[in-house]
Amino acid sequence: MKKLLCACLAALALLPASCAQPVEPDISAYDTAGTAEIPVEILGELEEDVLEDLVEAPKYVALTFDDGPRADTTARLLDGLLERGAAATFFVIGEQIPGNEPLLLRMKAEGHQIGNHTYSHVRLLKAEKDAVVEEIHKTETLLKEVLGDSSFWLRPPYGLIGAERSKLIRTPMIYWSVDPEDWKLLNKDKVVAAVLGAVQPGDIILLHDFYSTSVDAALALVDALQAEGYDFVTVEELFRIQEVEPQAGVLYARPDRVRTWG
């Protein structure tokens, strides 16, 4: 036993001095800022189906608001979106613009998209064709006076316009793919639950910045979906990301889904 112990000690004495000290691993190739990424060398060796499981594609969604702007609720919504770094699209009513011009300028400055929701929220499906053109033109004129020349996409009130009247429209039209009916529920938690139970990447969510409960729900949704990896973009950005060229007079529920007249 004593001979065995001596032999072991002798062997240890022959080891390099570096083996007797703990060696700090080289972590220079890793991101220590908080985002864990799979090294490129490993990714290149994986099967395609395994790679898809490991590297999740970005998830984009468009949050849209109708019937504003309204001084108190829209301003609070803009504050919350700015704090969270989320973009949105606002389909405004022409009658709501006078007196709220600073809100429109702020929307533009903070990267939001602004669209046309007619002048008086008229049902375009049943309106005379001249009235359809006037409702859209009056709001477009007001928007251009405040924001300058641009293409202000249309959201028909109630999502209704019909095949004949759609021929009069010179911009893309936006419907929606997720509608929690926030105007009916008037309850933050129920609106949030309805959206979270339905939303998918690429969706266009309909809300109304006219209601305080909808503003509360919208900000809670941004928090919840950002935590799930969603990015909030404008409708125009969503089309660009999905490489869809929107056409004038076409009503889109999503960039990849057209609303037909039935």
Side-chain angles (χ1 to χ4, degrees), residues 61-104 106-107 110 112-126 135 139 153-161 173-228 230 232-235 238 251-254 259:
V61 68
L63 199 56
T64 67
F65 297 92
D66 287 5
D67 296 357
R70 176 175 169 174
D72 54 351
T73 52
T74 305
R76 185 163 67 85
L77 174 60
L78 289 173
D79 290 342
L81 293 175
L82 180 62
E83 179 183 348
R84 292 161 174 79
T89 302
F90 293 84
F91 292 99
V92 302
I93 294 176
E95 289 180 336
Q96 297 288 111
I97 293 176
N100 287 316
E101 292 88 349
L103 287 174
L104 296 180
R106 181 181 173 185
M107 290 174 189
E110 294 178 0
H112 303 295
Q113 183 180 353
I114 301 165
N116 190 330
H117 200 41
T118 73
Y119 185 77
S120 60
H121 207 267
V122 68
R123 290 181 179 270
L124 299 181
L125 182 64
K126 297 182 178 181
E135 281 280 328
T139 298
W153 296 6
L154 175 70
R155 171 168 280 164
Y158 313 102
L160 302 174
I161 185 167
M173 298 184 292
I174 303 301
Y175 193 72
W176 52 81
S177 54
V178 177
D179 177 12
E181 297 189 331
D182 57 317
W183 55 272
K184 181 189 298 184
L185 295 175
L186 297 177
N187 180 290
K188 168 195 165 185
D189 294 336
K190 290 182 179 180
V191 172
V192 170
V195 173
L196 293 181
V199 69
Q200 298 290 330
D203 273 333
I204 296 175
I205 302 171
L206 170 63
L207 293 170
H208 299 77
D209 52 319
F210 199 83
Y211 304 104
S212 181
T213 50
S214 295
V215 172
D216 294 337
L219 299 180
L221 282 167
V222 173
D223 290 339
L225 291 175
Q226 282 182 336
E228 294 182 12
Y230 279 86
F232 286 82
V233 297
T234 67
V235 171
L238 190 63
L251 184 61
Y252 295 90
R254 292 169 38 119
R259 181 81 172 175

| message | Can you give me the closest heavy-atom contact between L221 and L207, atom names plus distance? | response |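 Scanning both residues, the minimum pair turns out to be CD1-CD1, 4.3 Å.
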| task | Over all heavy atoms of both residues, which pair between A71 and L103 is shortest? Give the atoms and the distance, please. | result |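 Here A71 and L103 meet closest at CA-CD1, 3.8 Å.
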Side-chain contact, heavy-atom cut-off 4.5 Å: [X] with [Y]?
| X | Y | answer |
| --- | --- | --- |
| L206 | D66 | yes |
| L78 | F90 | yes |
| L81 | H112 | yes |
| F65 | V92 | no |
| Y119 | I93 | no |

Could you list the residues that satisfy side chain to side chain donor-acceptor pair (under 3.5 Å) with [X], not counting sequence neighbours?
| X | answer |
| --- | --- |
| T64 | R155 |
| E110 | R106 |
| E135 | S120 |

| query | Can you pull the side-chain hydrogen bond (donor to acceptor under 3.5 Å, both in side chains) pairs that have at least one residue in residues 204-213, sequence neighbours excluded? | reply |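 The answer is T74-D209, R76-S212, D182-H208.
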In Å, rounded to the nearest 0.5 Å, how long is the span from [atom1] of [X] to [atom2] of [Y]?
| X | Y | atom1 | atom2 | result |
| --- | --- | --- | --- | --- |
| Q226 | F232 | CD | CZ | 6.0 Å |
| L186 | S214 | CG | OG | 7.0 Å |
| R123 | L160 | CZ | CG | 6.5 Å |
| T89 | W153 | OG1 | CH2 | 8.5 Å |
| T234 | Q113 | OG1 | CD | 4.5 Å |

Show me, pair by pair, the donor-acceptor contacts under 3.5 angstrom made by side chains of residues 173-181, not counting sequence neighbours?
unit_1, atom_1, unit_2, atom_2, d
Y175, OH, R259, NH2, 3.1
S177, OG, D203, OD1, 2.7
S177, OG, I204, N, 2.9
S177, OG, I204, O, 3.4
D179, OD1, E181, N, 2.9
E181, OE1, K184, NZ, 3.3

N/O donor-acceptor pairs under 3.5 Å from side chains in residues 189-201, not counting sequence neighbours:
none

| field | Aromatic plane relationship, H117 with F91 - under 30° parallel, 30 to 60° tilted, over 60° perpendicular | value |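 Rings of F91 and H117: tilted, as their planes differ by 30° to 60°.
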| field | Under 3.5 Å donor-acceptor, T139 side chain and T118 backbone | value |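 Yes; judged by distance alone, with no hydrogens or angles, the pair exists.
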| query | Hey, does the side chain of E101 reach the backbone of G99 with a donor-acceptor pair shorter than 3.5 angstrom? | reply |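 Yes, E101 side chain to G99 backbone: donor-acceptor pair under 3.5 Å.
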